[in-house]
Amino acid sequence: MAKVLIATVKPFSAEAVEEVKSIFKEAGYEVEVLAKYPDQSDLVAAVSDAEAMIIRSDKVDREVIEAAGKLKIVIRAGAGYDNVDLEAATEKGVVVMNTPGQNSNAVAELALGMMVFLNRNGFNPAAGTELRGKKLGIHAYGAVGRIVGMIAKGFGMKVYAYDPYVDPVVIKNDGVVCEESVESLYSKCQYISLHIPANAETRGSVGFDILNSMPKGATLVNTARKEVIDEEGLKKVFAERDDFRYLSDIAPDCRDELTELYAGRTFFTPKKMGAQTAEANLNAGVAAAKQIVNFLEKGDTTFKVN
Ligand code: 3PG
């Protein structure tokens, strides 16, 4: 009987876990749930006899892969797979997949929610500002970026996007202005919502020059990854501009410094929570479970990323 490990430091909702378990029960697999585990060594121990594994932002590094003698597949229940050592997995013949689009709406709603929250001074009664009529630039027009654009239009924002990997026709068909360079996007838009993945090309790529080119009232919204920000550049732009604001679901390493020096111009969620909704847990968990069954039973490699 194949064993599937569900390893989630940040647990899925009880409903999602039950639904995932029932898919595996029907397929005749054994399931172990390792949630909220205190130490990486718990994951290393639990993976030893697993043939398949579902994770979220859990770290699947070389040590985990090497401890997993029977592992055939890892599913990152979510979009970003920068937490998985793809090279180590590939070397050991382990297939890695994500579940694109399954938690996107939750992340997109949080991006807009944080913008309203900051614009209304953390929901205190002082006069705030509105989103209507403002320009929003979407940096990377994937599943999350696209929904952010749709919601922003409901707020009456003017929406722009830059994504060299998406056909401009797709962007234009959504009624979004397609920008040809990252520079033109930032220099035009007061609000920028970041949706780039963290990889060798993007790490530290959002820095002083590009941020400083944003118009007055510049607000950067990050529901992607903290690693894509050059924090020295971020600190410099805060120091030089009293209008610059930063909202993030993945607090920067310089969080305490920014919070202390620039009160009212930052908001950071206490813990990454963009995808933490009942709906997203269920969608991503169920998709992951079905992908495992389809892979183990039929060799289906849709959504393979390595
Ligand atoms: C993702 O890449 O899917 C999101 O960042 C959500 O991550 P999480 O599953 O750890 O909440």
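Nearest heavy atoms, Val159 versus Lys153: CG2-CG, 3.6 Å. Here the closest non-hydrogen pair linking Ala77 and Ala284 is CB-O, 3.9 Å. Minimum heavy-atom separation, Ser104 to Ala143: OG-CB, 3.2 Å. Considering every non-hydrogen atom in both Leu34 and Leu43, the closest pair reads CD2-CA, 3.8 Å. Contact record, Ile65 with Ala88: CG2-O, 3.7 Å, taken as the closest heavy-atom pair. Of all heavy-atom pairs spanning Leu220 and Ile229, the tightest one is CD2-CD1, 3.8 Å.
Contact check for Ile55 versus Val74: side-chain heavy atoms found under the 4.5 Å cut-off. Within the 4.5 Å cutoff, the side chain of Lys226 has heavy atoms near those of the Asp253 side chain. The shortest side-chain heavy-atom distance between Met115 and Thr129 does not fall under the 4.5 Å cut-off. Inter-residue side-chain proximity for Leu136 and Lys158 is flagged as unmet; no heavy-atom pair is nearer than 4.5 Å. Residues Phe12 and Val33 fail the side-chain proximity criterion, which asks for heavy atoms closer than 4.5 Å. At a threshold of 4.5 Å between non-hydrogen side-chain atoms, the residues Lys59 and Val64 do not count as touching. In this structure, the side chains of Val148 and His195 come closer than 4.5 Å at one or more pairs of heavy atoms. Here the side chains of Val9 and Lys36 are not in contact, with every heavy-atom distance at 4.5 Å or above.
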Open item on the list: Checking Met53 against Val47 for the side-chain contact (heavy atoms from CB on, under 4.5 Å) test, could you report, in this order, the C-alpha distance in whole Å, the side-chain angles of both residues, the deciding distance, and whether it holds?
Closed with: CA-CA 8 Å; Met53 171 158 64; Val47 82; 3.7 Å; yes
Open item on the list: Run the side chain to side chain donor-acceptor pair (under 3.5 Å) test on Asp249 and Thr269 for me, step by step, so that the C-alpha distance in whole Å, both residues' side-chain angles and the decisive distance to 0.1 Å come before the verdict.
Closed with: CA-CA 5 Å; Asp249 187 31; Thr269 54; 2.6 Å; yes
- [ ] Any chance you could lay out the side-chain contact (heavy atoms from CB on, under 4.5 Å) test for Val182 and Ile210, step after step, and finish with the verdict?
- [x] CA-CA 8 Å; Val182 75; Ile210 197 87; 4.0 Å; yes
TODO: Determine, stepwise, if the pair Ser205 / Thr202 fulfils side chain to side chain donor-acceptor pair (under 3.5 Å).
DONE: CA-CA 5 Å; Ser205 64; Thr202 61; 5.3 Å; no
TODO: Step by step, work out the side-chain contact (heavy atoms from CB on, under 4.5 Å) result for Ile151 and Glu109.
DONE: CA-CA 8 Å; Ile151 303 173; Glu109 286 190 12; 4.1 Å; yes
Open item on the list: Pair Ile192, Thr219 - check side-chain contact (heavy atoms from CB on, under 4.5 Å), show working.
Closed with: CA-CA 6 Å; Ile192 292 286; Thr219 305; over 6 Å; no
- [ ] Could you check Asn83 against Ser57 for side chain to side chain donor-acceptor pair (under 3.5 Å), going step by step and ending with a plain yes or no?
- [x] CA-CA 6 Å; Asn83 49 322; Ser57 289; 5.1 Å; no
Open item on the list: With side chain to side chain donor-acceptor pair (under 3.5 Å) as the criterion, how do Glu240 and Asn212 come out once you've worked through the C-alpha distance, each side chain's angles and the decisive distance to 0.1 Å?
Closed with: CA-CA 9 Å; Glu240 292 191 8; Asn212 197 37; 4.9 Å; no
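Residue Leu131 is not grouped with residue Leu194 when hydrophobic side chains (ILVMFWY) are merged at heavy-atom distances under 4.5 angstrom, including chains of intermediate members. Neither Val60 nor Val95 shares a network with the other; the hydrophobic side chains, linked directly or stepwise wherever heavy atoms of I, L, V, M, F, W or Y lie under 4.5 Å apart, form separate groups for each. Ile75 and Leu282 fall within a single hydrophobic cluster, where Ile, Leu, Val, Met, Phe, Trp and Tyr are joined by side-chain heavy atoms under 4.5 Å apart, directly or via other members. Residues Leu247 and Leu234 fall into different hydrophobic clusters, defined by Ile, Leu, Val, Met, Phe, Trp and Tyr side chains chained together at heavy-atom separations under 4.5 Å.
No donor-acceptor pair under 3.5 Å is formed between the side chain of Asp82 and the backbone N or O of Ala198. In terms of modelled atom types and a separation under 3.5 Å, the side chain of Asn121 and the main chain of Phe123 share no donor-acceptor contact. Of the possible polar contacts, one joining the Asn124 side chain to the Ala126 backbone as a donor-acceptor pair under 3.5 Å is found. In this structure a side-chain-to-backbone donor-acceptor pair under 3.5 Å is missing from Asp230 to Gly204.
The ring pair (Phe, Tyr, Trp, His ring centres under 6.0 Å) contacts involving residues 132-179 comprise His139-Tyr186, where partners must be two or more places apart or lie in separate chains. Screening residues 293-306 for salt bridge (Lys or Arg N to Asp or Glu O under 4.0 Å), with sequence neighbours left out, gives no hits. Screening residues 260-306 for ring pair (Phe, Tyr, Trp, His ring centres under 6.0 Å), with sequence neighbours left out, gives Phe117-Phe267, Phe238-Tyr262, Tyr246-Phe268. Residue pairs meeting the ring pair (Phe, Tyr, Trp, His ring centres under 6.0 Å) criterion with at least one member in residues 59-94: none, sequence neighbours excluded.
Counting non-hydrogen atoms of other residues, nucleotides and ligands closer than 6.0 Å to NZ of Lys10 gives a total above 12. Within 6.0 Å of atom CZ in Arg255, more than 12 heavy atoms from other residues, nucleotides or ligands are found, so the atom counts as buried in its surroundings. The environment of Lys92 atom NZ is dense: over 12 non-hydrogen atoms of other residues, nucleotides or ligands sit within 6.0 angstrom. With a 6.0 Å radius and a threshold of 12 heavy atoms from other residues, nucleotides or ligands, Glu180 has its CD atom at or below the threshold. Around atom NZ of Lys235, more than 12 heavy atoms belonging to other residues, nucleotides or ligands sit under 6.0 Å away.
Residue Val169 shares its hydrophobic cluster (ILVMFWY side chains chained together at separations under 4.5 Å) with no other residue.
Interatomic distance, CZ of Arg265 versus CZ of Arg245, reported as 9.5 Å (0.5 Å rounding).
Ion pair Arg56/Asp58 not flagged as a salt bridge, since none of the NZ, NE, NH1 or NH2 atoms sits closer than 4.0 Å to an Asp/Glu carboxylate oxygen. Arg62 has a carboxylate O that lies under 4.0 Å from a charged side-chain N of Glu91, or vice versa, which qualifies the two as a salt bridge.
Taking the ring centre of Phe208 as origin, the terminal cationic atom of Lys236 falls inside the region bounded by 6.0 Å and 45° from the ring axis.
Scanning for salt bridge (charged side-chain N to carboxylate O under 4.0 Å, His left out) contacts around Asp49 gives Lys3, with sequence neighbours left out.
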